[in-house]
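Below, read A as the first sequence line, B as the second, and so on, with proteins coming before strands; counting in each chain starts at 1.
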Amino acid sequence: MTKQSKLGSFFQTNSKNAKSKQSPNEKELNGDEASPKIVDYLQLQSGTKGEILDSNLSSSTNTINVKDQNQNISDTKKNPMIIVPTNQTLNENQHKRKSARIVESDNSESEVEDEMKTKKIKYTQKESCVTQTKSPEIKQISISAKVQGIKDAKSEEKDSNGIYYSEICRMFEQVEQTTKRLEITDITAKYFFKMMSLGSDHLTKCVYLCVNQVAPEYKGIELGVGESLLLKAIASATGKNMTAVKEEVEKCGDLGLVAKNFRTNQRTLFPMPKLTINKVFDTFYEISTSTGASSQQKKVQKITSLLVSGSDIEAKFIIRSLEGKLRIGFAEKTVLTALAQASAFYHNAESKSNPDPEKMNKYSEILKHVYTQLPNYNILVEALFTHGVEKLPLVCKLVPGIPVKPMLAFPTKSVSEVLNRFKEIEFTCEYKYDGERIQIHKCEDGKVVSFSRNSENSTEKFYDILEKFEKFTNEGVSTFVIDAEVVAWDTQSQNILPFQVLSTRKRKDTKESEITVQVCLFVFDILYLNGESMLQKSLNDRRKILWESFKVSPGEFQFAEYKNLKEVDDIQIFLDQSIADNCEGLMVKVLNGEESSYEPSKRSRNWLKVLILVACIYLFIVKKDYLDGVGDSLDLVVIGGYTGKGKRTGVYGGFLLAVYDPDQEEYQAICKIGTGFSEANLKEFKEMFEKTKIEIPKSYYSFGEAEKPDVWFEPTQVSVERYI
DNA sequence: GTAGTCAAAACAC
DNA sequence: ATCGGACGAATTCGG
DNA sequence: CCGAATTCGTCCGATGTGTTTTGACTAC
């Protein structure tokens, strides 16, 4: 038996033994390590191609990326363990900058959105009715429902500026109380229903507040507010000094709670006007759009004034919103589901007390589906009012110029796992290129634009390649949306360069003369062609259409390498080949039939990615000889910890690992680790490291200022009980 | 004021 | 990016 | 055959490295 397979069986045995007693194997291993210093083992396994990965390792590995500050990139894949001193290199381009904002043409969007841009829209009953445009029949229903709603709303908290912010906070609080998804959806849906009676403007703003946005993602409007500014704002709003605030943050693990706690017992001399949804949303928008000198100061002022005007609860959610995470258990998907339900109530399609779950499900699916193709709440909410959920897909369709949420792949760790999932199904294997996902649109007006994986506009970053699209498109292709990976390309050797090279490309203010990194597109899918959506077609058909519509231009525009394979061995060979060609591994996709359609934003099992493990840390109790000589390995120690945030309050959220450098006789910080731990692990670590806590770092610790942990430890080798 | 440096934020993975 | 936890739905198990 | 147990899929929120952008600050 090889050592590798021993390792595999070790894991396999244990992972089957859920909650039960220790397996004999583990017991034996445990017993040998009775010394107070528990032996641990951290193994870095590199470049393993399959064998070891077949054996149920997934639940017990912690993946890390080892720092590679020497830019010794080409070696990274094969030898990830290059340890170099941490020295900051100065970016020589840092002084060359200008403030420029991406200006987009807004031709395809509704008036409402333009109105919102003026920021000063105030809700009036008249306006809300005027916004109704099409379909007289529905219009009437809407208006009458609205009038009804307005009557109701009078009894609610509301002034001429709209509904109070405190009400949405109460909803948030309710949601926070429970973890039940159905309940959360219900609470949110009822709230949205209530807001619908106040018009689409209001509802839109409520929705945005729920998902922590101020505008669609592709508009590139960012808050420009992070933890640091929030700390300042909290300090200034509550009159505490920064150290007090920071201490409280460590204790609470949540900035919002800090704001709330400090806000309590604080009274202003004069009663402030109560915050409204409009006021809060508009302020967020103003914060997002302010740039330039002393803009940060202005932002802090605005946040401060919001905090002062709001109650303690309101302060909590204002801060969390600005942090970009409400952390109350709902996010985009749940909000969409709730919105669909609210709309169903609103159009009297479903009775509120006794909704048909199946229908509700259907509505929610519709709305989610529409959103993935048109991720713009302004348009969506407006259309929901006018047309209702059921007709939504007819009105809101994929449009070039607005990004589609890209389809994602399910991660797997071996070829056998892939075959297991795709037993009788026809599938295809594609190279997975080591680059950046890019969605390229050619709009009606002939402009070519691109979007990143997260629907950010990346046109400026890749304008050089986008300009050449005339060359790549065949005749008769007017509009399209294609899905591709953009990679750094070495024009000399005609080779693919690693991701790290690509990431050094400028994102803004790109000038032709300054482009140092050339890129090549590897296109693998088409979502839209000449006014027609391709999403429903099978992958086989889409691929055929793709190849017919574009032409290859080596080093600029190529199709992703693919093979339709069936045998394990063939796939393994193809996988190895992909690695040899500087790729990350393979994408395996269903080729034909319904399951092969393009499902935006889904991490579907119909697309699998097979990755090569770069580095893996296995933490467990084991005799060392078991692993001696297995691959490249490295002994690491934990030298510090970071206080956990949110649900990791009270335990360490992450740890700083170091490696012993015999030359310098010091422990050199090498990386941080923060995922892969179960809650039990974290609890155990907390207790364990409590004993080895030290006030100041040892003189023989070497680390960068940025990675300075909150708490220092003795150099401790770790062990992890496995609770699988 | 300008140039250089730093720290925070935003985004890729 | 990766990962673990909580739900809820789907599926299998066991009497 | 039905209820209980188990597995599967989805969503959410913890956390990682490394890069550019940009406002703030500092030294002249």
Side-chain angles (χ1 to χ4, degrees), chain A residues 18 58-69 71 73 88-100 178-185 220 222-232 253 290-299 324-334 337 357 361 368 408 410-411 434-438 452-454 456 458 461 486 498-510 584 602-605 611 614 616 642 644-649 651-655 657 671-682 705-707 723-724:
Chain A
S58 56
S59 54
S60 55
T61 58
N62 305 294
T63 45
I64 60 161
N65 289 314
V66 177
K67 261 186 217 162
D68 190 12
Q69 291 185 339
Q71 303 236 336
I73 295 153
Q88 294 246 319
T89 53
L90 185 68
N91 171 12
E92 52 183 27
N93 285 321
Q94 265 181 340
H95 63 283
K96 301 176 197 167
R97 57 189 144 85
K98 280 177 213 161
S99 55
T178 177
T179 51
K180 304 256 188 298
R181 201 184 296 289
L182 295 179
E183 210 174 316
I184 291 174
T185 313
E222 308 305 329
L223 274 168
V225 172
E227 197 175 306
S228 177
L229 285 191
L230 289 176
L231 281 175
K232 278 184 203 165
S290 80
T291 56
S294 72
S295 63
Q296 293 194 349
Q297 212 178 325
K298 281 181 208 152
K299 286 179 185 186
K325 39 190 179 177
L326 252 12
R327 12 178 325 257
I328 53 178
F330 80 2
E332 194 166 83
K333 306 281 178 174
T334 315
T337 306
N361 230 343
K368 276 192 251 180
L408 306 169
F410 198 87
D434 183 17
E436 197 176 315
R437 190 85 177 261
I438 187 172
S452 76
R453 181 197 135 99
N454 295 316
E456 300 280 342
S458 62
K461 183 172 180 184
V486 52
F499 173 76
Q500 280 201 317
V501 175
L502 179 70
S503 68
T504 63
R505 263 180 83 103
K506 297 276 167 289
R507 294 201 274 252
K508 297 183 171 178
D509 292 332
T510 41
E584 276 190 304
K602 260 215 176 127
R603 191 177 295 279
S604 163
R605 305 245 170 194
L611 298 182
V614 175
C616 223
Y642 303 88
K645 292 179 179 178
K647 61 187 176 187
R648 293 204 180 166
T649 307
V651 293
Y652 296 115
F655 300 92
L657 303 181
C671 68
K672 298 196 282 186
I673 182 168
T675 61
F677 306 127
S678 67
E679 285 177 355
N681 287 157
L682 290 167
E705 193 58 30
E707 56 201 3
Y723 288 93
I724 312 297

### Task
Tell me, please, which residues at least two apart from A:Tyr652 pass ring pair (Phe, Tyr, Trp, His ring centres under 6.0 Å).
A:Phe655, A:Phe713
#### Entry: Nucleotide nearest A:Leu229 (side chain, heavy atoms from C-beta), chosen from D:dA14, B:dA9, B:dC11
B:dA9
#### Entry: Phosphate OP1/OP2 of D:dT19 contacted by A:Gln500 side-chain N/O (<4.0 Å)
yes
### Verdict with supporting geometry, A:Glu222 and A:Glu456, side-chain contact (heavy atoms from CB on, under 4.5 Å)
CA-CA 11 Å; A:Glu222 308 305 329; A:Glu456 300 280 342; 3.7 Å; yes
### Task
May I have the distance from A:Leu682 (atom CG) to C:dT2 (atom P), rounded to whole angstrom?
19 Å
### Query
Can you check whether A:Glu584's main-chain N or O pairs, donor with acceptor, with A:Asp434's side chain at less than 3.5 Å?
no
### Query
For A:Phe655 and D:dA14, what is the distance between atoms CZ and P respectively, to the nearest whole Å?
16 Å
### Query
What is the distance, rounded to the nearest whole Å, between atom CD1 of A:Ile184 and atom C1' of C:dA6?
10 Å
### Task
Please check the phosphate of B:dA12 (OP1 and OP2 only) for any side-chain N or O of A:Ser452 closer than 4.0 Å.
yes
#### Entry: Sequence-distant partners of A:Lys232, side-chain hydrogen bond (donor to acceptor under 3.5 Å, both in side chains), two or more places apart
none
### Task
Let me know, please, whether A:Ser228 or A:Arg453 comes out on the 5' side of the other along DNA chain B by nearest nucleotide.
A:Ser228
### Task
Could you check how far CD of A:Glu584 sits from P of B:dA12, rounded to whole Å?
16 Å
### Query
Counting any heavy atom closer than 4.0 Å, what does A:Leu408 reach on the DNA or RNA strands: base, sugar-phosphate only, or nothing?
nothing
### Message
Students often get this wrong, so: under 4.0 angstrom with heavy atoms, is A:Gly654 touching a base, only sugar-phosphate, or nothing?
### Response
nothing
#### Entry: Sugar-phosphate only, base, or nothing, as touched by A:Leu223 at under 4.0 Å among non-hydrogen atoms
sugar-phosphate
### Query
Rounded to the Å, how far apart are A:Ile328 CD1 and D:dG13 C1'?
12 Å
#### Entry: Under the side-chain hydrogen bond (donor to acceptor under 3.5 Å, both in side chains) test, residues paired with A:Glu227 that sit two or more places apart
A:Lys645
### Task
Just call it for A:Lys647: base, sugar-phosphate, or nothing, with non-hydrogen atoms closer than 4.0 Å on any strand.
base
### Task
Round to the nearest Å and state the distance from A:Arg505 atom CZ to D:dT21 atom P.
11 Å
### Summary
Against the side chain of A:Lys333, the closest entry in D:dC12, B:dA10, D:dG9 is D:dC12
### Query
Between B:dA10, D:dT21, C:dT2, which nucleotide gets closest to the side-chain atoms of A:Lys508?
D:dT21
### Message
Regarding A:Lys645, tell me which of base, sugar-phosphate or nothing describes its non-hydrogen contacts under 4.0 Å with the strands shown.
### Response
sugar-phosphate
### Task
Starting at atom OH of A:Tyr642, determine the distance to atom P of D:dG16, rounded to an integer number of angstrom.
7 Å
### Task
Return no unless some side-chain N or O of A:Arg648 is found under 4.0 Å from OP1 or OP2 of D:dG13.
no
### Task
Please name all residues satisfying salt bridge (charged side-chain N to carboxylate O under 4.0 Å, His left out) with A:Arg648, sequence neighbours left out, ordered by chain then number.
none
### Message
Side chains of A:Arg453 and A:Leu408, heavy atoms from C-beta outward: is any pair under 4.5 Å?
### Response
yes
### Query
Under the side-chain contact (heavy atoms from CB on, under 4.5 Å) criterion, do A:Thr510 and A:Lys461 qualify, and how do the steps go?
CA-CA 7 Å; A:Thr510 41; A:Lys461 183 172 180 184; 5.5 Å; no
### Query
Within the structure shown, what part of the strands sits under 4.0 Å from A:Phe330 by heavy-atom distance: base, sugar-phosphate, or nothing?
sugar-phosphate
## Note on the structure
To the nearest angstrom, the CZ-P distance between A:Phe410 and D:dC11 comes to 13 Å
### Message
Under 4.0 Å, heavy atoms only, any strand: does A:Lys368 hit a base, just the sugar-phosphate, or nothing?
### Response
sugar-phosphate
### Task
Assign each of A:Gly226 and A:Ile438 to its nearest nucleotide of DNA chain B by heavy atoms, then name whichever residue's nucleotide is nearer the 5' end.
A:Gly226
### Query
Think A:Arg327 has a side-chain N or O under 4.0 angstrom from the OP1 or OP2 of D:dA14?
yes
Close N or O pairs between protein and nucleotides 8-12 of chain C (under 3.5 Å):
{"from": "C:dG8", "atom 1": "OP1", "to": "A:Arg181", "atom 2": "N", "distance (Å)": "3.4"}
{"from": "C:dG8", "atom 1": "OP1", "to": "A:Leu182", "atom 2": "N", "distance (Å)": "3.3"}

### Task
Taking side-chain hydrogen bond (donor to acceptor under 3.5 Å, both in side chains) as the test, write out the residues that go with A:Ser604, two or more places apart.
A:Glu599, A:Asn606
